[in-house]
Amino acid sequence: MARVVVDVMLKPEILDPQGQAVANALPRLGVTEVSSVRIGKRIELEFVGEPDLDKAREIADKLLANTVIESFTISVADDKGQVEK
Amino acid sequence: MARVVVDVMLKPEILDPQGQAVANALPRLGVTEVSSVRIGKRIELEFVGEPDLDKAREIADKLLANTVIESFTISVADDKGQVEK
Amino acid sequence: MKIGVVTFPGSLDDGDARRAARLAGAEAVQLWHADADLKGVDAVVLPGGFSYGDYLRCGAIARFSPVMEKIIDAAKGGLPVLGICNGFQVLCEAHLLPGALLRNSHLHFRNRDQKLRVENTSTAWTSGYTEGQEIVIPVKNGEGCYQADEHTLDALEAEGRVVVRYVEGNPNGSQRDIAGIRNEAGNVVGLMPHPEHATEALTGPFGGGVDGLVMFTSVLASLGVKA
Amino acid sequence: MTTADTVDLAEKTPDEEQPYAALGLQPDEYERIREILGRRPTQSELAMYSIMWSEHCSYKSSKVHLKQFGEKTPKNNRMLAGIGENAGVVALNDEIAVTFKVESHNHPSFVEPYQGAATGVGGIVRDILAMGARPIAVMDQLRFGAVDHPDTPRLVHGIVQGVGGYGNCLGLPNIGGETVFDPCYQGNPLVNALSIGVLPISRLQNKTASGVGNAVILMGAKTGRDGIGGVSVLASATFEEGSEDSRPAVQVGDPFMEKLLIESCLEIYDAGLVVGIQDLGGAGLTCALSETSAAGGLGMRAYLERVPLREASMEPHEILASESQERMLLIVAPENVDAVLAICDKWGVLGTNIGEITEGDRLIISWNDQIVVDCPPGSLADDGPVYARPLREPADLILLQADRAETLPRPTDLRAELLTLVASPNLCDKSWITEQYDRYVLGNTVLAQPEDAGVIRIDEESNLGVALATDGNGRYTRLNPYEGAKLALAEAYRNVSVTGATPIAVSDCLNFGSPEDPAVMWQFAEAVRGLADGCLEMGIPVTGGNVSFYNQTGTVAINPTPVVAVLGVLDDVTKRTPMGFAEAGDTIVLLGETREELSGSEWAWVRHGHLGGQPPKVDLLGEIKLADALRVADLVSAHDLSDGGLAQALTESVLRRGVGATVELPGDAFVDLFSESAGRVLVTVKDVEALRAVVGDIPLTVLGTTGGDALTVRREGPGAVNTQFEIPLTELAEAHQGTLARLFG
Ligand SMILES: Nc1ncnc2c1ncn2[C@@H]1O[C@H](COP(=O)(O)OP(=O)(O)O)[C@@H](O)[C@H]1O
Ligand SMILES: [Mg+2]
């Protein structure tokens with residue numbers, strides 16, 4: 001299946017209040033072993049034909065990420081990792 | 001590095017207005033080969049010691065995802081795919 | 001004088017911006033996102049709202065609309081452009097202004113009457129204020145936290161390009177309390193607060209302030225009209 | 001192509017087992033369906049009947065009571081559309097009308113707080129749009145469990161962000177609402193949403209599918225598996241914790257699509273291109289197809305394979321039951337179809353011709369040439385079951401009413417008492433919530449929270465405007481549903497009147513437990529009787545509303561919570577009276593009589609966790625007199641007294657603009673401060689004698705003067721113990737304004 005994944009994360013130097021909020025909430029759930037949390041976007045692009053990584057990169061650069069504050073990673077979907085529920 | 005990634009996506013039957021908006025915008029950028037777009041969250045959990053997948057799953061289930069509308073995947077960070085900028 | 005107000009799908013304060021332009025004495029002209037035509041307007045307002053739903057990133061999609069292509073060129077040619085809230089976000093996405101606007105640091109949408117200090121009056125949109133003047137204008141945004149790298153921020157400060165600053169409380173965590181900035185030439189200004197919501201005593205900020213009207217009279221003045 | 005359960009098949013297999021019970025139908029209801037059809041229903045028909053005959057859609061338990069609104073409420077020539085329409089429509093003058101309605105989205109908001117609340121706002125806005133109006137504002141009435149319950153933060157954050165997220169993105173100012181915390185709402189939060197719209201009377205729309213040969217156009221979002229069976233599963237049965245599997249897919253709202261839907265529909269109305277229109281809410285296509293065709297008294301033919309789907313695998317009964325949001329159904333003359341679709345295209349909204357009006361009186365729906373539905377639409381829309389359910393006064397009511405709060409121990413330190421009360425969750429400042437809502441957009445908001453009523457300018461030339469307020473006190477209604485409903489009406493009426501507006505219409509949202517519990521049903525019957533009698537007495541009609549039953553967990557129901565909305569008109573909004581002391585030197589006057597009425601009060605609840613006795617006495621004719629006086633009097637400010645009594649009203653009035661006050665209490669200082677007697681308003685004036693001249697026999701008490709930076713309370717005469725105190729405004733603000741941020745920030 002021709003799915004390309006673009007992961008967009010805030011650049012490390014940019015403050016991530018959302019991740020911060022989650023990190024702060026964890027102790028209340030009894031979680032102490034997580035030192036930091038970053039929250040970004042996972043964007044799945046379904047291609048009609050063959051997954052086109054260069055095209056995906058172009059789209060990410062132009063539209064999906066604002067490279068002033070964000071960086072992105074391109075990969076072809078590999079559905080490992082166990083899906084829940 | 002002990003980073004666990006939680007990918008949270010809307011369940012397939014749930015409307016994804018965000019992905020839809022992007023999909024509708026692509027043709028205006030001259031992109032015609034993308035048939036559908038889904039947008040979810042990528043959450044990176046930095047563990048102090050060993051990455052604990054079960055712990056991550058518990059956090060995802062309790063806090064990161066609302067399993068009424070979302071499903072999630074847990075994986076250990078593997079930084080393949082080429083990072084840009 | 002004609003002030004054009006762009007209507008993107010999802011624009012919300014376009015009607016208010018047109019009303020403000022009228023109250024300032026201009027002719028308000030509606031510009032449609034899909035028309036690559038500025039209808040001969042003398043200035044342009046990019047209004048607040050949620051263009052295209054603002055689903056990906058505020059302003060990210062609007063920036064690619066046909067009318068924006070024209071506005072980007074015209075702005076580089078000196079056309080006065082004011083981006084309000086979502087309009088500010090569009091201007092940053094279009095790289096007419098530096099930096100970006102992120103999720104408010106407290107993660108909430110916040111609507112309140114906000115005190116601002118006018119830091120720079122050498123712009124098409126703030127010439128009617130006096131430097132250091134304190135004004136009250138409503139803010140209402142979820143993603144108004146201005147961010148740029150230190151180098152850019154220093155440059156903005158050094159060149160007097162910070163136009164308005166939040167005082168007595170920063171509503172969104174914006175760096176250096178920045179509420180609005182301008183380009184080098186001063187014809188392009190972007191700000192998070194909503195001057196169009198402070199143009200009538202009846203509906204303006206609590207207490208009846210009309211401080212926002214000056215932005216619209218300023219541009220008319222700068223266009224050589226008695227405001 | 002898969003095959004569906006067709007009418008043919010249903011005729012050939014009469015004895016096929018059908019899961020009607022699982023769909024919430026009673027055996028006798030199922031039998032009636034078979035009689036109506038003369039055969040077993042198809043799977044699609046069964047889905048449609050189960051939805052249309054559900055409590056939520058058919059009002060089968062409430063109908064017999066609600067008819068009082070029609071019978072009792074005064075005939076009124078302002079009313080252009082009433083109960084039965086998507087929303088009531090009231091004329092402001094010969095050209096302009098407004099339409100408003102309040103509706104519940106309680107159960108979905110418990111399952112998925114953000115989306116539940118968001119789609120609640122979206123749903124009520126479409127009702128307003130369907131009447132031909134441009135929506136111009138929203139309000140939200142929220143009830144949560146105890147602030148310290150572990151699940152409350154999830155609901156508060158999700159629901160408030162949902163209301164804001166949708167309303168803000170839609171560009172509708174939020175001009176008011178309610179926020180109440182009470183353990184009785186644990187597991188059953190109430191999310192009511194109100195919307196108001198304005199229309200030229202000539203643009204009034206209806207849902208009648210008239211004109212044989214006219215096209216049936218579906219507009220808006222694609223149809224997906226959202227909330228399949230949501231209406232029947234979620235809103236028509238007691239919600240079982242952990243029944244994940246029976247949960248329908250939650251609807252996700254798309255306010256951006258709704259905004260486009262609004263703009264395109266208004267353009268279509270103005271071009272005169274539509275014969276009839278109906279919004280798709282809960283019950284989706286099922287409701288829209290059957291109600292429009294039933295209203296037209298004609299037949300309809302619909303082709304489900306034409307419906308744009310999000311998931312190709314959807315089956316006909318799913319397409320019919322889907323609750324996908326942001327959709328409208330239009331009836332359009334053939335020659336106008338292209339024009340309608342062109343406008344859809346301009347706004348980027350899907351428009352699809354899915355059928356036509358036919359001769360006869362059958363609703364016939366096919367899917368890929370297979371007939372899956374063939375029934376009389378009226379049997380779905382109008383001839384649902386009607387129950388006169390058993391009523392029984394709650395067994396504990398006599399004891400409850402005997403346990404009066406007037407006998408509770410009283411405080412000696414009134415200063416501390418006041419600071420505690422005004423900081424309590426129900427009385428504290430609500431800015432932490434209301435700052436998450438846009439109150440400025442559209443540029444016509446004259447008054448909004450924390451004012452007593454929201455005031456919106458309708459016409460920029462004439463300054464014609466409207467005022468809106470909603471109220472409902474579940475504790476009062478628990479103690480006495482009949483009087484409690486009248487009290488809710490009285491308070492909303494008063495909140496509108498303090499702005500100087502003339503109340504002209506009522507809408508309501510009746511939130512109750514299970515109608516199958518005779519005690520709940522009794523509370524419901526009494527509340528409806530009270531509201532209907534009250535409206536008759538006050539001379540303003542109920543124009544529409546909504547009933548939400550099954551707000552209970554197990555056998556424990558919520559306090560009966562009728563939310564009453566009152567709409568008022570202001571000929572000139574520039575003359576409205578705001579709340580809050582404006583400047584030093586004005587005279588502070590209390591209008592109305594203060595009695596020793598503490599039962600059901602916020603004081604009794606906060607101080608003693610006590611609920612008992614009879615709610616405050618309500619005098620509706622007195623309220624009318626008061627309102628009339630407020631309209632003619634020359635007032636600097638006005639603020640009604642309600643929950644928390646004078647202590648609360650003084651606190652809100654001094655903090656509004658930071659103008660202090662010194663007041664002298666006439667009677668028992670404690671009662672003066674904390675009694676919740678109805679029919680009272682706190683005003684400030686320049687000239688007391690001029691006020692005296694217009695209030696007639698309404699009790700008038702001069703309390704003191706505005707000014708300074710403290711709230712100073714004095715009480716002359718004997719027996720005054722610790723009743724003289726002074727609270728700096730900074731300290732008062734600290735107490736009143738910090739609470740919600742501290743709890744949920
Ligand atoms: N959920 C809410 N949304 C919008 N406004 C609210 C909400 N909750 C409370 N408010 C506003 O806060 C103010 C105080 O509420 P309340 O004390 O219930 O008013 P009142 O007692 O006059 O009915 C009012 O202006 C009300 O509209
Ligand atoms: Mg009030």
* **Closest non-hydrogen atom pair between C:Ile61 and B:Ala25, with its separation** => CG2-CB, 3.7 Å
* How many angstroms lie between CG in B:Asn24 and OH in C:Tyr52, if you round to the nearest 0.5 Å? -> 10.5 Å
* What residues of residues 26-37 of chain B sit under 4.5 Å from chain C when you count only heavy atoms? -> B:Arg28, B:Leu29
